[in-house]
Number of protein chains: 2
Amino acid sequence: MTDAVEPPKARRPNTRLEEVARAAGVSKSTVSRVINGEPYVSSKAREAVHQAITQLGYSPNQAARTLAGSRANCIALVVSEQGSRVLADPFFAGVLRGVNAELAGKRVQLVLMMSKEGDEQDLVNYLCGGHVDGVLVISLHGQDPLPRTLADAGLPTVVGGRPLGAGGVPYVDSDNFNGAMEAARYLVSLGRRRIATIAGPRDMAVGMDRLSGWKRGISQARMDADLVAYATDFTPESGAAAMADLLRREPALDAVFVGADIMALGALQTLHAHGKKVPDDVAVVGFDDLMIASTAVPPLTTIRQDVEQLGRTMTWRLMAELAGEENLPPFLLLPTSMVTRVSA
Amino acid sequence: MTDAVEPPKARRPNTRLEEVARAAGVSKSTVSRVINGEPYVSSKAREAVHQAITQLGYSPNQAARTLAGSRANCIALVVSEQGSRVLADPFFAGVLRGVNAELAGKRVQLVLMMSKEGDEQDLVNYLCGGHVDGVLVISLHGQDPLPRTLADAGLPTVVGGRPLGAGGVPYVDSDNFNGAMEAARYLVSLGRRRIATIAGPRDMAVGMDRLSGWKRGISQARMDADLVAYATDFTPESGAAAMADLLRREPALDAVFVGADIMALGALQTLHAHGKKVPDDVAVVGFDDLMIASTAVPPLTTIRQDVEQLGRTMTWRLMAELAGEENLPPFLLLPTSMVTRVSA
DNA sequence: CTGAAAGCGCTTACAG
DNA sequence: CTGAAAGCGCTTACAG
């Protein structure tokens, strides 16, 4: 709700720094210093300026700041459009919420760019053109060299989700490996003997890391990690097809770890269609803990990742770098946690 | 994928308009005219400039353009954070996709702002401060005066979803009324006799419009439109509770129109728990056609709205206004369509 | 701790 | 159809 908010009198002829200076009885330089939080300003001057700013409802012209200064006061969030939408939607909204939360209070704008196939050069030109101070990149596919390109151009860049083709570029990710391993161990602890997995597409690290974690968990229990089906994308349909494949190969399987809730939904359908009771005949564990996990039939046991925290952490990492902090951790992994419901 | 994309040689010392002018053998004014697509430029000059631009990989400094010109070349998408996240997530991602699609090729940046309770004045100051040329507003709640405030300040504004407290501000919405009416008629045509509805919260037009449509459809069939339960928010839990309430009031109900798929998921759970077979005992129709509608148990018959198209249309409407087009339609309604699956 | 002045890279009347 | 010049509103050395 916006209560009693008044539109500034006029639109264009805005209050300028000069008027603030006049009202505060100081020079433009001093006002500028106060605004930018620089030291070496007498507290008397500082106070006068703050008062004038509030009184006049002054809001600095960003374009002028950018042009005159070296900073753009702006970071970009780049999302690759060819990304599987399924995975992208809740993921994307969550990340965005985190980015915004972290940016709150800072005078930094967020511009959103979707990278469409074909205009990569435009995108790179724009990003490297001084319009933004840094870049956040999410939902990368395959060996996309974008992060490497940006980093090589000297633009601070942080990737969300381990990138496959960007060795050395800082990234933040959920701990997919350990989360998946926990899922596997849990199924083992339940006494399941033939445990399968549905893995995400091979061209995304998220799929591969969850697969690796599952394998490790299964192998450590001295069981065979051979029941692997790859889904072609993060959709219920793809999950359903993979499940059918697994049942064909091993009708006696009694558990499955599905590398994404959205695929698990499809897997549940297939199991139901084959007359398999969940969890009695087959235990199912998903990953992500989407909102719909709790209304799945039966409610889905899953590994929860905190997507909003992912957005926050990416932003924190980028802003810290922009602030000149040194020896920042290049890679950050966020812990996952298991949510036990009915399916396993 | 970004193949063979080269980072501009240096970051700061970018190509400037002046260099393009020199390379093309014309004045800065002429280059500016070409870039801005103004008439009165000889095709010879135009061509030379285009060539120079491509050769030098020139990308205009937006800050300078904004400062010198009157346009910001930038529009804002404002999302109110207090919005029910449930409804917001897929909705938001879809709208965003549409906005971006419509903006493709245009030299207009999209900045994202989430309005947090408490900083409305900051938000309004910023938006009205000449930083953006226009505003797109979505997921408004209650009588939020934000759109009115912006419009009164002379800032072109388009709202996504009929706003309750912004009389006269242009908006784009899905045709919730007719979609819901179609759902009601369909249930009637199935021979159902006691048809209920679960409506969204009273403070959002989307909930009220769908309720109105359902009422009209039911009344026209000369049936009682009295079985209404209001959900407190767009969540499965809220839908489940509303369904339980309806069953308590009318154990013999044989159909229910749920004003959002995400609530329908909860309603299905409640029906299942009460031993009601869907669709045999109770037919269920949802609204939205989220991806998860097809994997509901049973797969959900629903009214599909095209959220991406909503984003595109909002953007088109705003850009048309910015381009100075006159007599634009103030309100635009996008058609919905029924998707028949198993639940009804 | 403070101010006068130059300059960031464009657009826009103005004059031709 | 084209160019020279002023100016958009800040920041940043520089001098004090």
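- If you measure from atom CZ of B:Arg22 to atom P of D:dT2, you get 19 Å, rounded to the nearest angstrom.
- Under the 3.5 Å distance criterion, the side-chain polar atoms of A:Asp173 are left unmatched by any main-chain donor or acceptor of A:Leu333.
- In this structure, CG of B:Asn73 is placed 19 Å from P of D:dC8, rounded to the nearest angstrom.
- One interatomic measurement links the two molecules: CD of B:Gln62 to C1' of C:dG9, which rounds to 11 Å at whole-angstrom precision.
- Spacing of C1' atoms, C:dT12 relative to C:dG16, comes out at 16 Å, to the nearest Å.
- D:dC1 and C:dG16 make up a base pair, with Watson-Crick or G-U wobble contacts both under 3.5 Å.
- For the pair A:Arg46 (side chain) and A:Val34 (backbone), a donor-acceptor distance under 3.5 Å is absent.
- Straight-line distance from the CD atom of A:Glu19 to the P atom of D:dG9: 9 Å, rounded to whole Å.
- Between the A:Asn36 side chain and the A:Glu38 main chain, no donor and acceptor come within less than 3.5 Å of each other.
- Between the A:Thr157 side chain and the A:Leu155 main chain, a donor and an acceptor come within less than 3.5 Å of each other.
- Mapping B:Ala68 and B:Pro39 onto DNA chain D via the closest heavy atom, the residue that lands nearer the 5' end is B:Pro39.
- Taking only side-chain atoms of B:Lys28, from C-beta outward, the nucleotide of C:dT11, C:dT2, D:dT11 with the closest atom is C:dT11.
- Between D:dG9 and A:Tyr58, no contact under 4.0 Å exists linking OP1 or OP2 to a side-chain N or O.
- Of the listed nucleotides (D:dT12, D:dG9, C:dT11), D:dG9 has the atom at the smallest distance from the side chain of A:Arg16.
- One P atom belongs to C:dA13, the other to C:dG9, and the distance between them is 23 Å to the nearest Å.
- Using a 4.0 Å heavy-atom distance criterion, B:Ser29 is classed as a base contact.
- To the nearest angstrom, P of C:dG9 lies 18 Å from CZ of A:Arg65.
- A:Ala45 comes within contact range of the sugar-phosphate backbone alone, with a heavy-atom separation under 4.0 Å but no base atom that close.
- Atom CG of A:Asn61 is separated from atom P of D:dT11 by 10 Å (rounded to the nearest Å).
- Residue contacts for B:Thr30: at a heavy-atom cut-off of 4.0 Å it reaches the sugar-phosphate backbone alone, with no base atom in range.
- Side chain of A:Arg33, nearest nucleotide from C:dG9, D:dC10, C:dG3: C:dG3.
- Taking 4.0 Å as the cut-off between side-chain N and carboxylate O, A:Glu19 and A:Arg16 count as a salt-bridged pair.
- Taking atom CG of B:Leu67 as the reference point, atom P of D:dC8 lies 9 Å away to the nearest angstrom.
- B:Tyr40 has its OH atom 18 Å from the P atom of C:dA15, to the nearest Å.
- The phosphate of C:dT2 has OP1 or OP2 within less than 4.0 Å of a side-chain N or O from A:Ser42.
- Side-chain nitrogen and oxygen atoms of A:Ser32 include at least one within less than 4.0 Å of the OP1 or OP2 phosphate oxygen of D:dT11.
- Distance from the side chain of A:Asn36 is smallest to D:dT11 among C:dT11, D:dG3, D:dT11.
- Interatomic distance, CG of A:Leu103 versus CD of A:Gln109, reported as 8.0 Å (0.5 Å rounding).
- For A:Ser27 and C:dA4, a side-chain-to-base donor-acceptor distance below 3.5 Å is absent, hydrogens and geometry of angles not being considered.
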